[in-house]
Participant: 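Following this message is one structure expressed as structure tokens.
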Amino acid sequence: MTVLELHKKGFDVAIEELMQERDDISSYETLKEFIKSKIDDDNLIVAAHLLTELKECPYAEYYGYDYCMGTLEAPTPLKNISDLEDFCDGRTYTIAAHINSLGGEMDEVTVLDERQKGNQKYYIVDYKGTLCTAIFNGFNCTYYADDLYGRVTG
């Protein structure tokens with residue numbers, strides 16, 4: 001799944017798909033069952049470590065945790081879309097851009113994807129929860145995001 005697909009699907013749909021594709025994302029209930037299995041196997045060090053980590057980190061319905069590592073890694077709470085971006089193909093970055101709805105004033109956008117139409121390169125960006133297109137002006141080295149008329153749907 002790409003980062004753009006992640007943002008289009010939303011957290012609930014994306015987390016379910018990612019849990020099916022990956023072994024390092026699980027529900028809180030699955031993590032509890034894993035801890036119980038470590039207690040049953042007399043692997044108390046791992047069980048105690050995970051219990052301590054879960055007690056100290058914020059509660060979440062889902063966690064990122066690499067069960068195969070055999071190390072004392074901490075589970076990572078997964079609560080929103082940005083928490084899932086590291087589990088997707090491609091990388092995002094945050095930049096300042098001129099925003100159409102702000103009359104050209106600058107604000108931060110997150111670049112999710114790069115596209116090409118003919119010889120025009122453009123970007124799919126997230127501006128405060130709105131997926132829209134943006135372009136880069138090489139003459140003044142700034143991005144322009146169109147959150148009014150360049151909204152990306154579907």
Side-chain angles (χ1 to χ4, degrees), residues 1-35 49-69 71-154:
M1 173 181 315
T2 66
V3 176
L4 179 57
E5 291 170 335
L6 169 74
H7 281 263
K8 284 183 176 180
K9 290 178 181 188
F11 181 83
D12 294 330
V13 172
I15 192 82
E16 291 298 326
E17 285 185 25
L18 285 170
M19 281 195 322
Q20 291 175 6
E21 294 172 10
R22 303 179 60 102
D23 294 333
D24 55 349
I25 297 176
S26 66
S27 68
Y28 176 71
E29 293 302 317
T30 303
L31 198 52
K32 281 192 334 185
E33 290 301 318
F34 179 73
I35 294 168
H49 167 72
L50 286 171
L51 287 170
T52 301
E53 290 295 332
L54 285 175
K55 179 182 167 199
E56 293 178 4
C57 75
Y59 171 79
E61 193 171 331
Y62 302 99
Y63 288 88
Y65 180 72
D66 191 349
Y67 294 92
C68 300
M69 288 299 293
T71 63
L72 296 178
E73 146 181 335
T76 306
L78 304 173
K79 293 184 171 188
N80 56 49
I81 289 284
S82 62
D83 294 337
L84 300 178
E85 289 176 353
D86 289 339
F87 298 98
C88 294
D89 300 329
R91 294 287 171 233
T92 64
Y93 55 95
T94 302
I95 48 103
H98 295 278
I99 309 298
N100 192 2
S101 65
L102 299 179
E105 294 294 318
M106 302 283 280
D107 203 353
E108 285 189 345
V109 298
T110 302
V111 178
L112 305 174
D113 197 17
E114 183 178 303
R115 303 266 175 96
Q116 186 87 25
K117 187 173 185 179
N119 57 352
Q120 173 66 50
K121 186 183 291 188
Y122 68 99
Y123 303 88
I124 306 296
V125 300
D126 178 3
Y127 175 62
K128 295 186 177 180
T130 300
L131 295 180
C132 59
T133 57
I135 60 169
F136 178 75
N137 184 327
F139 293 107
N140 62 7
C141 296
T142 57
Y143 289 83
Y144 291 82
D146 188 357
D147 61 329
L148 295 178
Y149 306 107
R151 289 183 179 215
V152 176
T153 58

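Note that the coordinates shown come from a computational prediction; the quantities given were computed from them, not determined experimentally. In this chain, residues are counted from 1 in sequence order.
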Participant: State plainly whether the residues Lys8 and Glu5 are in salt-bridge range, i.e. N to O under 4.0 Å.
Facilitator: no

Participant: Nearest 0.5 angstrom please: Leu84 CG to Met1 CE, how far?
Facilitator: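 Between atom CG of Leu84 and atom CE of Met1 there are 8.5 Å.
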
Participant: Taking all heavy atoms of Ala74 and all of Glu53, pick out the closest pair and write down the distance.
Facilitator: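 In terms of heavy atoms, the two residues are closest at CB-OE1, 3.2 Å.
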
Participant: Do Leu54 and Ile35 come within less than 4.5 Å of each other through their side chains, counting heavy atoms only?
Facilitator: yes

Participant: With no hydrogens and no angle check, just 3.5 Å: does a side-chain donor-acceptor pair link Tyr67 and Ser26?
Facilitator: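 Present: a donor and an acceptor within the cut-off.
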
Participant: Grab the two heavy atoms, one from Asn137 and one from Phe139, that are nearest each other, plus how far apart they are.
Facilitator: OD1-N, 2.8 Å

Participant: Say whether, by atom type as modelled, one donor and one acceptor occur between the side chain of Glu73 and the main chain of Pro75 under 3.5 angstrom.
Facilitator: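 Not at all, since once roles are kept as given, no pair shorter than 3.5 Å links the two residues.
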
Participant: Going from CG on Asp66 to CZ on Arg22, what distance comes out if it is rounded to the nearest 0.5 angstrom?
Facilitator: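 So the CG of Asp66 and the CZ of Arg22 are separated by 9.0 Å.
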
Participant: I would like to know whether Val109 and Ile99 meet side chain to side chain contact (heavy atoms under 4.5 Å, CB included); could you show each step before the answer?
Facilitator: CA-CA 9 Å; Val109 298; Ile99 309 298; 3.6 Å; yes

Participant: Looking at residues at least two apart in the chain, or sitting in another chain, which of them share a ring-ring contact (aromatic ring centres under 6.0 Å, His included) with Tyr144?
Facilitator: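 Residues passing ring-ring contact (aromatic ring centres under 6.0 Å, His included) with Tyr144: His98.
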
Participant: Say you draw a straight line from CD of Glu85 to CG of Leu4; how long is it, rounded to the nearest 0.5 Å?
Facilitator: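 Answer rounded to 0.5 Å: 11.0 Å.
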
Participant: Taking it one step at a time, do Tyr122 and Lys117 satisfy side chain to side chain contact (heavy atoms under 4.5 Å, CB included)?
Facilitator: CA-CA 8 Å; Tyr122 68 99; Lys117 187 173 185 179; 3.9 Å; yes

Participant: Does a sphere of radius 6.0 Å around OH in Tyr28 hold more than 12 heavy atoms from other residues, nucleotides or ligands, not counting ones at 6.0 Å or beyond?
Facilitator: no

Participant: Check each of Leu131, Leu6, Thr2 against Leu112 using the side chain to side chain contact (heavy atoms under 4.5 Å, CB included) test, and report the only one that passes.
Facilitator: Leu131

Participant: Could you pull out all residues at least two apart from Tyr123 that satisfy ring-ring contact (aromatic ring centres under 6.0 Å, His included)?
Facilitator: Tyr143

Participant: If you compare all heavy atoms of Leu18 against all heavy atoms of Ile25, which two are closest, and at what distance to 0.1 Å?
Facilitator: CB-CD1, 3.7 Å

Participant: How about Phe87 and Asp24: do any of their side-chain heavy atoms sit closer than 4.5 Å?
Facilitator: yes

Participant: Which pairs of donor and acceptor atoms, one on a side chain in residues 56-64, lie under 3.5 Å apart (sequence neighbours left out)?
Facilitator:
| unit_1 | atom_1 | unit_2 | atom_2 | d |
| --- | --- | --- | --- | --- |
| Tyr62 | OH | Glu16 | OE2 | 3.1 |
| Tyr63 | OH | Pro58 | O | 3.4 |
| Tyr63 | OH | Ala60 | N | 3.0 |

Participant: For a quick test of reading the model, state the closest non-hydrogen atom pair linking Tyr127 to Ser101 and the distance between them.
Facilitator: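 Taking every non-hydrogen atom into account, CE2-OG, 4.4 Å.
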
Participant: Could Asp147 and Lys128 be called an ion pair, given the rule that one side-chain N must be under 4.0 Å from one carboxylate O?
Facilitator: no

Participant: Report the distance from atom SG of Cys88 to atom NE2 of His7, rounding to the nearest 0.5 Å.
Facilitator: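 Going from the SG atom of Cys88 to the NE2 atom of His7 covers 8.0 Å.
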
Participant: Would you compute the distance between atom CG of Asp113 and atom OG1 of Thr92 and round it to the nearest 0.5 angstrom?
Facilitator: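 One gets 11.5 Å once the value is rounded to the nearest 0.5 Å.
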
Participant: Can you measure from OG1 (Thr133) to CZ (Arg151) and round to the nearest 0.5 angstrom?
Facilitator: 11.5 Å

